[in-house]
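Computed from a predicted model, the values in this text were never measured in an experiment. Note that ligands are numbered from 1 as they come in the structure, with each ligand's atoms numbered from 1 the same way.
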Amino acid sequence: MILEGRQTRSIARSDDGRGVRILDQRKLPWEVCWVTLRDAPGAATAICEMWTRGAPMIGVTAAYGLAMALDADPGDAGLANAHAMLLETRPTAINLRWALDSVRAAVAPLPPEARADAAWGRADEICDEDSDLCRAIGEHGLALIQALHARHPDRPVNILTHCNAGWLATVDYGTATAPIYLAHDAGIPIHVWVDETRPRNQGALLTAFELRNHGVPHTVVTDNAGGLLMMQGKVDAVIVGTDRVTANGDVCNKIGTYLKALAAHDNGVPFYVALPHTTFDPATATGAEVPIEERDAAEVTCVSGMGKAGIETVRLTESPAANPAFDITPARLVTAYITERGVLDRV
Ligand SMILES: CSC[C@H]1O[C@H](OP(=O)(O)O)[C@H](O)[C@@H]1O
């Protein structure tokens with residue numbers, strides 16, 4: 001997407017071809033900081049500490065991490081240890097397992113000396129495929145936004161989104177944002193309500209950053225405002241991303257998504273979930289079985305922002321805090337799934 005006026009993807013091989021460049025998303029929007037990952041432990045740290053994040057992006061980064069691991073040790077033990085290390089970085093987004101298993105399947109049958117180059121090749125394919133998948137999600141979602149505009153041609157289409165399921169969470173386009181970008185670029189007047197998305201504020205910090213750079217009108221709101229906006233008729237549709245959709249269509253996504261789905265259902269607002277096939281997990285029957293990542297309580301008790309002395313962190317409370325990072329939206333609350341194969345009323 002557009003970053004500082006230039007077409008940009010969120011990850012790319014380094015100039016020497018054996019590392020990867022990613023944006024350190026912890027510093028956005030205040031600083032556009034590219035970092036180069038040189039080895040598998042570095043990739044694991046970047047995923048764990050959310051330098052890079054978002055289900056598809058986690059998978060792509062891990063795929064390259066496995067390739068870097070095989071540069072160092074292409075033996076069976078090296079492959080197994082790197083796969084395990086990268087897999088345990090974050091438990092919820094299924095794209096991580098999918099990507100690691102895909103690279104392992106491509107290289108395990110090969111002699112060790114052939115594995116690293118094959119892993120880099122498969123990681124490149126996964127990277128390019130992600131961009132193509134998200135573009136296709138955008139094209140199918142565009143039709144939904146065109147239909148919403150046809151119903152209200154006199155005003156912008158109002159979309160509410162939660163967290164960041166944008167191009168920063170993928171290689172390009174995003175999932176939930178792909179239809180928004182394509183609609184904006186097609187000249188459809190669109191406005192986005194951006195949930196700030198406590199506690200890490202991916203919406204206020206990252207989605208708002210993306211939309212500003214692309215020139216998409218938007219308004220940041222507190223996580224608690226969405227229900228009122230829907231009750232007031234100010235939301236035409238909710239579009240969110242997801243970290244895992246289970247066999248029965250339950251949706252695991254950033255904490256707070258379920259509450260938006262309840263409000264949408266209560267107000268007759270369509271609730272769409274955008275996902276590529278790499279986020280679908282048919283091996284898990286229902287959302288109740290999805291591991292919910294519990295992150296550091298300090299993400300709740302503290303907040304970071306740009307102060308007089310640069311990026312600063314301040315404490316909000318001295319009390320204990322809990323920090324489940326995801327929740328489950330039952331399939332019954334999902335209007336449709338926007339996928340690369342089309343808009344589906346069931347996955
Ligand atoms: C396009 S998937 C984005 C998905 O990932 C986010 O989680 P996190 O920022 O913790 O990686 C969030 O759940 C988004 O919906």
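- Considering backbone and side-chain atoms alike, Thr170 places every N or O at 3.5 Å or more from each N or O of ligand 1.
- When heavy-atom distances to ligand 1 are checked against a 4.0 Å cut-off, Arg90 comes that close only through its side chain, counted from C-beta outward.
- In terms of protein heavy-atom proximity, atom 6 (C) of ligand 1 is nearest to Arg53 NH2, 3.7 Å.
- For Gly54, a nitrogen or oxygen atom sits less than 3.5 Å from a nitrogen or oxygen atom of ligand 1, counting backbone and side chain alike.
- Close N/O approach between Asn164 and ligand 1 is not found [any backbone or side-chain N/O within under 3.5 Å].
- At a 4.0 Å cut-off, at least one heavy atom of Cys163 sits close enough to ligand 1 to count as contact.
- For ligand 1 and Ala55, the ligand atoms under 4.0 Å from any heavy atom of the residue are 2 (S), 3 (C), 5 (O).
- Cation-pi geometry between Lys260 and Phe271 is not met: the NZ or CZ atom fails to fall both under 6.0 Å from the ring centre and inside 45° of the normal.
- Contact atoms of ligand 1 toward Gln202: 8 (P), 9 (O), 10 (O) (distance under 4.0 Å to a heavy atom of the residue).
- Contact check on Arg115 versus Asp76 returns a salt bridge, with a Lys/Arg side-chain nitrogen under 4.0 Å from an Asp/Glu carboxylate oxygen.
- If you look at Met57 next to ligand 1, there are no close heavy atoms at all, none under 4.0 Å.
- For atom 13 (O) of ligand 1, the closest heavy atom belonging to the protein is Asp243 OD1, 2.5 Å.
- Salt bridge status for Arg18 with Asp117: present, with a side-chain N to carboxylate O gap under 4.0 Å.
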query: Hey, mind stepping through Thr197 and Asp195 against side chain to side chain donor-acceptor pair (under 3.5 Å) and telling me if it holds?
result: CA-CA 5 Å; Thr197 315; Asp195 275 358; 5.3 Å; no

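- One distance of note links CG of Leu70 with CG of Leu110; it measures 10.0 Å at 0.5 Å rounding.
- The shortest side-chain heavy-atom distance between Arg53 and Gln202 falls under the 4.5 Å cut-off.
- Close approach of ligand 1 to Pro56 (heavy-atom distance below 4.0 Å) involves ligand atoms 1 (C), 2 (S).
- The closest protein non-hydrogen atom to atom 15 (O) of ligand 1 is Asn253 OD1, 2.5 Å.
- Polar contact with ligand 1: absent for Thr175 (N/O pair, distance under 3.5 Å).
- Residue Thr242 approaches ligand 1 through these ligand atoms, each under 4.0 Å from one of its heavy atoms: 2 (S).
- Note on ring orientation: taking the six-membered ring where Trp is involved, the planes of His277 and Trp98 are perpendicular (angle over 60°, cut-offs 30° and 60°).
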task: Output, in order, the C-alpha distance, side-chain angles, deciding distance and verdict of salt bridge (charged side-chain N to carboxylate O under 4.0 Å, His left out) for Asp132 and Arg135.
output: CA-CA 5 Å; Asp132 295 341; Arg135 167 87 197 186; over 6 Å; no

task: Test salt bridge (charged side-chain N to carboxylate O under 4.0 Å, His left out) on Lys254 and Asp223 and set out the steps.
output: CA-CA 12 Å; Lys254 183 56 53 197; Asp223 294 328; over 6 Å; no

